[in-house]
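Structure first, commentary second.
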Amino acid sequence: MAKWGQGDPRWIVEQRADATNVNNWHWTERDATAWSTDKLKELFLAVSVTGEEGSCEVTEVSKLDGEASINNRKGKLIFFYEWDIKLNWTGHSNSGVKYKGHVEIPNLSDENDPSEVEFRVYLAKDEPETSLTELMKKSGVQQLREVVVQYISSLKTEFTQGMILPTENGVSHTAVPDTKQKVAPSSTRDVKTVTCQSTGVKIPTCKVSMKETFLTSPEELYRVLTQQELVQGFTHAPATVTAEKGGKFQLLGGNVSGEFIELEFEKRIVLSWRFKTWPAGKRLVMQITEDS
């Protein structure tokens, strides 16, 4: 046993009034499932949209399967949540006709950025076709995605109160800040990471520069990276590619997504991309140019 005043600082408890989890060293976990259930219902049931065709509103959260928890380890908060959700919605046309439908949200989890969460909007069986479905798919989904953002933000701010305990100097440190891709085979690729602030656990990052030369013509490399059928053939996986400035792309079945920042036909490509498992806001910027 260490003498008084000696030993590993993690053992010292006399400087903490409650003598609990000194310097936030030990792993603690808090179950956020019940809180999340109430919060998600509160937020989703407040969704309503109005358009030229009429109005739609979420009337019931008919399915809310999943769980949520927060872990504190060495003063860092780690968030886990995974939800499979079904919402019922009701629409009222300007002519007074009432319609019903539902929305499925199968992948609300910590592995997906809010922009990657899927919303499937359906009209109920035996209901006649209505333009209110499109209203729900556009304006409704936009509001539902904002609800997802709000839920995640609340989980990381409201529910975490008290999880980071005061250290020996009385200060609480919070770990929550303010709210492999293949390339076809002479062209040069410059790669660098771009670090951004995001919610969640603070992850150390660094800047990396790489330069590679591919033994193929610039024209051929450009086509392989911008033509959807060639991209799919090269990666052997589904892909969607919109080859224009600001155009989006998804590779490897949605596991990689990004955007074309600059395109100079058969000469230069600048793009940013990320794996879906990366923390929100983390992207890699890649520049592909013809050798001078």
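Every heavy atom of this structure was used, including side-chain atoms; hydrogens, water molecules and symmetry mates were not.
Ile85 has its side chain out of reach of Glu104: every pair of non-hydrogen atoms, C-beta onward, lies at least 4.5 Å apart. A heavy-atom distance below 4.5 Å is found between the side chains of Phe79 and Leu155. Contact annotation: the side chain of Val47 never approaches that of Trp89 to less than 4.5 Å [non-hydrogen atoms, C-beta and beyond]. Looking only at side-chain heavy atoms (C-beta outward), Glu219 and Leu221 stay at 4.5 Å or farther from each other.
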* To do: Show your working on side-chain contact (heavy atoms from CB on, under 4.5 Å) between Glu118 and Ile105 and close with a plain yes or no.
  => CA-CA 6 Å; Glu118 184 178 2; Ile105 311 172; over 6 Å; no

- Message: Could you walk me through whether Asp84 and Lys63 satisfy the salt bridge (Lys or Arg N to Asp or Glu O under 4.0 Å) test, starting with their C-alpha distance in whole Å, then the side-chain angles of each, then the deciding distance to 0.1 Å, before giving a yes or no?
- Response: CA-CA 7 Å; Asp84 184 4; Lys63 178 182 178 182; 3.0 Å; yes

- request: Check the pair Ile152, Tyr81 against side-chain contact (heavy atoms from CB on, under 4.5 Å), reporting the backbone distance first and the verdict last.
  value: CA-CA 9 Å; Ile152 296 172; Tyr81 52 90; 3.3 Å; yes

For a side-chain contact (heavy atoms from CB on, under 4.5 Å) check, start with the C-alpha distance between Leu87 and Leu144, then their side-chain angles and the critical distance, and finish with the verdict. CA-CA 10 Å; Leu87 312 172; Leu144 292 173; 3.7 Å; yes

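Asn94 is linked by a side-chain contact (heavy atoms from CB on, under 4.5 Å) to nothing, counting only residues two or more places apart in sequence or in another chain. Remark: Glu116 engages Arg274 in a side chain to side chain donor-acceptor pair (under 3.5 Å) (not counting sequence neighbours). In this structure, Glu146 has no side chain to side chain donor-acceptor pair (under 3.5 Å) partners at least two apart in sequence or on a different chain.
Each ring pair (Phe, Tyr, Trp, His ring centres under 6.0 Å) pair with one or both residues in residues 49-68, not counting sequence neighbours, would appear here, but there are none. Sorted by first and then second residue, the salt bridge (Lys or Arg N to Asp or Glu O under 4.0 Å) pairs involving residues 221-243 (not counting sequence neighbours) are Glu220-Arg223, Arg223-Glu266. For residues 49-70, the set of pairs meeting the ring pair (Phe, Tyr, Trp, His ring centres under 6.0 Å) definition, not counting sequence neighbours, is empty. The ring pair (Phe, Tyr, Trp, His ring centres under 6.0 Å) pairs that include a residue from residues 51-73 number zero, where partners must be two or more places apart or lie in different chains. For residues 101-128, the ring pair (Phe, Tyr, Trp, His ring centres under 6.0 Å) pairs, not counting sequence neighbours, are His102-Tyr122.
Nearest heavy atoms, Arg145 versus Pro114: NH1-O, 2.8 Å.
No donor-acceptor contact under 3.5 angstrom links the side chains of Asn107 and Ser109, judged on distance only.
With rounding to the nearest 0.5 Å, the separation of OH in Tyr99 from NE2 in His92 is 11.5 Å.
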Can you give me every donor-acceptor pair (side chain of residues 249-264, partner residue at least two apart or in another chain, under 3.5 Å) with its distance?
| unit_1 | atom_1 | unit_2 | atom_2 | d |
| --- | --- | --- | --- | --- |
| Asn255 | ND2 | Leu252 | O | 2.8 |
| Glu259 | OE1 | Lys248 | NZ | 3.1 |
| Glu262 | OE1 | Arg268 | NH1 | 2.3 |

What side-chain donor-acceptor pairs closer than 3.5 Å can you find for residues 34-42, not counting sequence neighbours?
| unit_1 | atom_1 | unit_2 | atom_2 | d |
| --- | --- | --- | --- | --- |
| Ser36 | OG | Ala32 | O | 2.7 |
| Ser36 | OG | Tyr151 | OH | 2.9 |
| Thr37 | OG1 | Thr33 | O | 2.9 |

Sequence neighbours left out, cut at 3.5 Å: what donor-acceptor pairs do the side chains of residues 50-62 make with other protein atoms?
| unit_1 | atom_1 | unit_2 | atom_2 | d |
| --- | --- | --- | --- | --- |
| Thr59 | OG1 | Asn88 | O | 3.3 |
| Glu60 | OE1 | Asn88 | ND2 | 2.7 |
| Ser62 | OG | Lys86 | O | 3.2 |

Enumerate, atom names and distances included, each donor-acceptor pair closer than 3.5 Å involving a side-chain atom of residues 123-138, sequence neighbours excluded.
| unit_1 | atom_1 | unit_2 | atom_2 | d |
| --- | --- | --- | --- | --- |
| Glu127 | OE2 | Lys100 | N | 3.3 |
| Thr130 | OG1 | Leu132 | N | 3.1 |
| Thr133 | OG1 | Thr130 | O | 3.4 |

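A continuous path of hydrophobic side-chain contacts links Leu225 to Phe275 [ILVMFWY only; heavy atoms under 4.5 Å].
For Gln227, the CD atom is densely surrounded, since the number of other residues' heavy atoms within 6.0 Å is greater than 12. For Glu111, the CD atom counts as loosely surrounded, since its 6.0 Å shell holds 12 or fewer non-hydrogen atoms of other residues, nucleotides or ligands.
Of the possible polar contacts, one joining the Ser93 side chain to the Val97 backbone as a donor-acceptor pair under 3.5 Å is found.
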